[in-house]
There are 2 protein chains.
Amino acid sequence: MKRDSRLSSVLHALLHMAEQDGPVTSETLALCLGTNPVVVRRTMGYLRQAGIVTSERGHAGGWRIHADLGSVTLRQLHEALGEPATFAIGNRNETPGCLVEQTVNAALEGTFAEAEALLLTRFSEITLADLASDFARRHAALRHSRNKS
Amino acid sequence: MKRDSRLSSVLHALLHMAEQDGPVTSETLALCLGTNPVVVRRTMGYLRQAGIVTSERGHAGGWRIHADLGSVTLRQLHEALGEPATFAIGNRNETPGCLVEQTVNAALEGTFAEAEALLLTRFSEITLADLASDFARRHAALRHSRNKS
DNA sequence: TTTTTCGTAACATCATTTGTTTCATGAAAA
DNA sequence: TTTTCATGAAACAAATGATGTTACGAAAAA
């Protein structure tokens, strides 16, 4: 199953951008992500529409975070990306005439809805600032283990 | 995103089989599901391997449920199907060298794991018997509303 | 005016599920 | 024994959707 990795991508990009003072180009981000600048523009475009980042053209242009790291949640990013389908498992037929299938759909939908609600709740509890401090912790731990060895 | 609808399919098939006394052919199930007999065999084959159904060839052959309806949970069916990926959202790179990406992955994986655990717990709480009685309730309600009108 | 960089459209590639064709095999009926 | 009905399985085709690529236009700064 091919998974939508855009949330993962934009998080990766945003944390790299958070480490920089100035704007970061699509080219640079594409190198970080191992992809293509056009894909970066396409994906980051959703975040621009949501007001989370800005972009500037020409010399010294690129992408900037246009929000406080502590105020941007994973849920906002997920919404900015258009709330892509959460589950890779689904009903065969969304509007069945068959009563048996309606029964099956209802059971599965209820269960998926519950799991999705939990996922979105957790997403709304995690900010970019949280991830940035996680990263700082990992970075420090790595330096420490390097010094020891 | 193309969703895996096999769990939905086998549930639909199993409930139809539960309504029948004798075996049900792949041909009949394919008509119920709006698909192809070969697809039915392919999918039901997983349930046979798990011992949930049996199949017989030749005249008066077909598929039978080989378990008590109350003892088969959605989780067992999900496992029988090979535990397909739950989420349509995932990490871009599963084994990143980049520490930023490791941080992002860890955060997402933890969240997804929690949501998946909830989903599997709910799956383990729902049996075929539950769905069958749901169906009976819907069926009765439909007959009632028909009589009134 | 040249270079840099984003914006966008159009198309190509790739992966995965689902559907289809085909033939072999086994079991029961004629 | 032959025919019919059914599954088993392999191989291939179609459809879908994310991702990658090419190409060109527009804007901003050197």
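The analysis underlying the following values was restricted to heavy atoms, covering all of them including side chains, and did not include hydrogens, waters or symmetry mates. Naming: A, B, ... by sequence-line order, numbering from 1 per chain. Computed from a prediction, not measured in an experiment: that's the story for all the values here.
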*Asks:* Please collect all ring pair (Phe, Tyr, Trp, His ring centres under 6.0 Å) contacts where either partner lies in residues 6-50 of chain A, sequence neighbours excluded, each pair once.
*Replies:*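 Of all non-adjacent pairs touching residues 6-50 of chain A, those that pass ring pair (Phe, Tyr, Trp, His ring centres under 6.0 Å) are A:H12-A:H16.
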*Asks:* Who pairs with A:H78 by side chain to side chain donor-acceptor pair (under 3.5 Å), at least two apart in sequence or on another chain?
*Replies:*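 In terms of side chain to side chain donor-acceptor pair (under 3.5 Å), with neighbours along the sequence ignored, A:H78 is linked to no residue.
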*Asks:* Can you pull out the residues from residues 96-105 of chain A that lie within a 4.0 Å heavy-atom distance of DNA chain C?
*Replies:*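 Close to the strand, none.
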*Asks:* Who clusters with A:L118? Use side-chain heavy atoms, under 4.5 angstrom, across I, L, V, M, F, W and Y, and order the result by chain and number.
*Replies:*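 Grouped by the 4.5 Å side-chain rule, B:L118 form the rest of the cluster around A:L118.
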*Asks:* Kindly state which residues belonging to residues 74-83 of chain A come within less than 4.0 angstrom of DNA chain D, counting heavy atoms of the residue only, listed by number.
*Replies:*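 Result for residues 74-83 of chain A: none.
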*Asks:* C:dC6, OP1 or OP2 - any side-chain N/O from A:S26 closer than 4.0 Å?
*Replies:*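 So the side-chain polar atoms of A:S26 do come within 4.0 Å of the phosphate oxygens OP1 or OP2 of C:dC6, strictly under.
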*Asks:* Let me test you: for the helix from C:dT1-D:dA30 to C:dA30-D:dT1, what is the angle between the axes at its two ends (five pairs each), rounded to 10 degrees?
*Replies:*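 The end-segment axes of the helix from C:dT1-D:dA30 to C:dA30-D:dT1 are tilted 10° relative to each other.
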*Asks:* Near DNA chain C, counting only heavy atoms under 4.0 Å, which residues of residues 5-15 of chain B show up?
*Replies:*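 Within this stretch, B:S5, B:R6 sit under 4.0 Å of the strand.
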*Asks:* Hey, can you pull the donor-acceptor pairs under 3.5 Å for the side chains in residues 51-63 of chain A, sequence neighbours left out?
*Replies:*
residue : atom : partner : partner atom : Å
A:S55   : OG   : A:R48   : NH1          : 3.0
A:E56   : OE2  : A:R64   : NE           : 2.7
A:W63   : NE1  : A:S26   : OG           : 2.8

*Asks:* B:R42 side chain N/O closer than 4.0 Å to the phosphate oxygens (OP1, OP2) of C:dT20?
*Replies:*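 No.
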*Asks:* Could you give the CG-to-P distance, from B:N36 to C:dT17, as a whole number of Å?
*Replies:*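 To the nearest whole Å, that distance equals 18 Å.
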*Asks:* With sequence neighbours excluded, tell me which residues meet side chain to side chain donor-acceptor pair (under 3.5 Å) with A:T28.
*Replies:*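 Residues passing side chain to side chain donor-acceptor pair (under 3.5 Å) with A:T28: A:T25.
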*Asks:* To the nearest Å, how far apart are B:R64 CZ and D:dA6 P?
*Replies:*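 Roughly 13 Å, once rounded to whole Å.
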*Asks:* If only side-chain N and O atoms of A:R92 are considered, is one of them under 4.0 Å from the OP1 or OP2 phosphate oxygen of C:dG19?
*Replies:*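 For C:dG19, OP1 or OP2 has a side-chain N or O of A:R92 closer than 4.0 Å.
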*Asks:* Would you indicate what B:G45 reaches in the nucleic acid, counting non-hydrogen atoms under 4.0 angstrom: base, sugar-phosphate, or nothing?
*Replies:*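 The answer is nothing, as B:G45 stays clear of every strand by at least 4.0 Å.
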*Asks:* OH of B:Y46 versus P of C:dT17: gap in Å, rounded?
*Replies:*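 That distance rounds to 9 Å.
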*Asks:* Can you measure B:N93 atom CG to D:dA18 atom P for me and round it to whole angstrom units?
*Replies:*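 One finds 20 Å between P of D:dA18 and CG of B:N93, rounded.
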*Asks:* Assign a letter to each nucleotide of nucleotides 23-30 of chain D from its 5' end: B, base within under 4.0 Å of a protein heavy atom; S, sugar-phosphate only; -, no contact.
*Replies:* B-BBSBB-
*Asks:* With a 3.5 Å cut-off and heavy atoms only, can you find an N or O donor on one side and an acceptor on the other between the side chain of A:R48 and the base of C:dG7?
*Replies:*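 Such a pair does not exist between side chain and base.
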*Asks:* For D:dG20, take OP1 and OP2 only and decide whether either is under 4.0 Å from a side-chain N or O of A:T35.
*Replies:*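 Yes, within the criterion.
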*Asks:* Grab the CD-C1' distance between B:Q49 and D:dA9 for me, whole Å please.
*Replies:*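 My rounded result for the distance is 12 Å.
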*Asks:* By side chain to side chain donor-acceptor pair (under 3.5 Å), which residues pair with A:E114, not counting sequence neighbours?
*Replies:*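 Residues passing side chain to side chain donor-acceptor pair (under 3.5 Å) with A:E114: B:R122.
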*Asks:* Table please: side-chain donor-acceptor pairs of residues 79-88 of chain B below 3.5 Å, with sequence neighbours left out.
*Replies:*
residue : atom : partner : partner atom : Å
B:E79   : OE2  : B:R75   : NE           : 3.4
B:T86   : OG1  : B:E116  : OE2          : 2.4

